[in-house]
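It should be emphasised that the depicted structure is a prediction, and the values quoted were computed from it without experimental measurement.
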Amino acid sequence: MSYDLVIFDNDGVLVDSEPISNRLLAGYLTELGHPTTYEESLRDYMGSAMHRIHDLVEERTGEKLPADFDETFHARVFAAFERDLEPVAGVGDVLERLTEAGVRYCVASSGSHERIRVGHRTTGLARWFPDEIVFSADDVGRGKPAPDLFLHAAARMGVEPGRCVVVEDSPLGVQAANAAGMDVHAFTAMTPEERLTGANGYFAHMVDLPAILGV
């Protein structure tokens, strides 16, 4: 393989959480007086850290979201995860293949550490991701599309950015990888290829990733 580190996004790449969380987000924003459809939530917030939701709502409406917005939203999301969350099809086989081949990997997510952990525990992926290879936007302050999170993950893993490849499914994530100077392969299971411009490659089925990476 021509890379020293594979950096996975989490939501939509490892766990099939985007439909759940974006339906809940659209519903909650609408409930608060900011009418939002599921499609609009995917377009505007998929792959983003929580601060982006606050920033965009205030920018568009001049109103701040409630102080307990994050806490309430996460409580709803975690309850839904416990009921309905599944791993992305084929991702367990991919992680096993990487491990057997001695390929290093980590996760770098716009979600909080708690959200990552709830998702991994619920889907059975926790065994693949010890704490030392789990990175969150909470660690850096600025989430995607800023490159900070990916650069932080690479530094903590001791790998130069140019030797990393990112696996992403959101426009914000692809932008962040580009800004970090990393190659990025875009997973198109939920997001059309035309919205993921700037990626080095595209794939629709997770089982195809090892061959794409040359593993």
Side-chain angles (χ1 to χ4, degrees), residues 7-86 88 107-123 134-153 166 168-180 186-187 189-192 195-196:
I7 302 178
F8 288 98
D9 175 44
N10 188 56
D11 294 291
V13 171
L14 297 176
V15 296
D16 193 17
S17 54
E18 295 292 8
I20 296 171
S21 59
N22 281 281
R23 286 193 182 94
L24 289 171
L25 178 57
Y28 189 25
L29 288 173
T30 300
E31 179 186 317
L32 292 171
H34 306 292
T36 306
T37 65
Y38 170 69
E39 291 75 18
E40 289 169 340
S41 182
L42 287 174
R43 181 194 68 201
D44 294 342
Y45 304 119
M46 181 175 168
S48 68
M50 291 299 293
H51 67 78
R52 178 179 168 86
I53 302 171
H54 289 263
D55 292 346
L56 280 183
V57 169
E58 185 171 7
E59 178 184 311
R60 291 170 174 175
T61 69
E63 300 178 12
K64 291 183 179 293
L65 291 172
D68 65 348
F69 178 86
D70 291 12
E71 181 181 357
T72 301
F73 176 62
H74 283 139
R76 296 181 183 187
V77 168
F78 295 165
F81 279 5
E82 296 285 358
R83 294 191 307 269
D84 303 322
L85 188 63
E86 297 289 340
V88 166
V107 59
S109 172
S110 291
S112 66
H113 278 282
E114 184 181 12
R115 177 183 173 123
I116 298 167
R117 282 303 178 206
V118 169
H120 287 186
R121 184 183 69 247
T122 303
T123 58
V134 176
F135 305 103
S136 160
D138 289 350
D139 300 332
V140 294
R142 286 200 310 167
K144 306 165 190 176
D148 305 36
L149 175 56
F150 289 143
L151 293 173
H152 170 72
V166 175
E168 264 289 352
D169 72 329
S170 75
L172 294 176
V174 172
Q175 292 172 40
N178 289 161
F187 183 44
M190 274 198 62
T191 307
R195 290 197 61 224
L196 297 167

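- One finds the CZ atom of Arg43 at 13.5 Å from the OG1 atom of Thr191 (value rounded to the nearest 0.5 Å).
- Note that CG of Leu32 is 11.5 Å distant from CZ of Phe73, once rounded to the nearest 0.5 Å.
- Listed by chain and number, the residues in a ring pair (Phe, Tyr, Trp, His ring centres under 6.0 Å) with Phe78 are His74 (sequence neighbours excluded).
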Give the C-alpha distance, both sets of side-chain angles, the deciding distance and a yes or no for side-chain contact (heavy atoms from CB on, under 4.5 Å) between Val88 and Phe8. CA-CA 12 Å; Val88 166; Phe8 288 98; over 6 Å; no
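- Of all heavy-atom pairs between Ala153 and Ile7, the closest is CB-CD1, 4.4 Å.
- Ring orientation note: the planes of Phe69 and Tyr28 are close to parallel, at an angle under 30° on the 30°/60° scale.
- Between the CG atom in Leu25 and the CD1 atom in Ile20 there is a gap of 13.5 Å [rounded to 0.5 Å].
- Considering every non-hydrogen atom in both Leu24 and Val77, the closest pair reads CD1-CA, 3.8 Å.
- Within the structure, side chain to side chain donor-acceptor pair (under 3.5 Å) pairs that include any residue of residues 138-150 comprise Asp9-Lys144, His113-Asp139, Arg142-Asp148, Lys144-Glu168 (at least two apart or interchain).
- Under the 3.5 Å distance criterion, the side-chain polar atoms of Ser17 are left unmatched by any main-chain donor or acceptor of Asp11.
- Side-chain contact check for Ser109 and Arg115: no donor-acceptor pair (N or O, by modelled atom type) lies under 3.5 Å.
- By the 4.5 Å heavy-atom criterion applied to side chains, His120 and Arg117 are counted as neighbours.
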Run the numbers on Asp70 and Leu65 for side-chain contact (heavy atoms from CB on, under 4.5 Å), then give the verdict. CA-CA 9 Å; Asp70 291 12; Leu65 291 172; over 6 Å; no
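- Residues Ala176 and Ala146 come closest through the heavy atom pair CB-O, 3.4 Å.
- Here the closest non-hydrogen pair linking Glu86 and Thr123 is C-CG2, 3.5 Å.
- Separation of atoms CD (Glu18) and OH (Tyr45) is listed at 14.0 Å; rounding is to 0.5 Å.
- Nearest heavy-atom pair, Ser48 versus Leu172, reported as atom, atom and distance to 0.1 Å: CB-CD1, 3.5 Å.
- When atom types are taken as modelled, the side chain of Thr36 and the backbone of His34 share a donor-acceptor pair closer than 3.5 angstrom.
- Nearest heavy-atom pair, Val15 versus Gly119, reported as atom, atom and distance to 0.1 Å: CG1-O, 3.9 Å.
- Aromatic ring orientation, Phe135 versus His152: perpendicular (interplanar angle above 60°, classes split at 30° and 60°).
- With rounding to the nearest 0.5 Å, the separation of CE in Met50 from CG in Asp55 is 11.0 Å.
- Salt bridge annotation for Glu82-Arg121: present, with a cationic side-chain nitrogen under 4.0 angstrom from a carboxylate oxygen.
- Salt-bridge annotation for Arg60 and Asp44: present, with a side-chain N of the basic residue lying under 4.0 Å from a carboxylate O of the acidic one.
- Residues that satisfy the salt bridge (charged side-chain N to carboxylate O under 4.0 Å, His left out) test with Arg76, not counting sequence neighbours, are Glu31.
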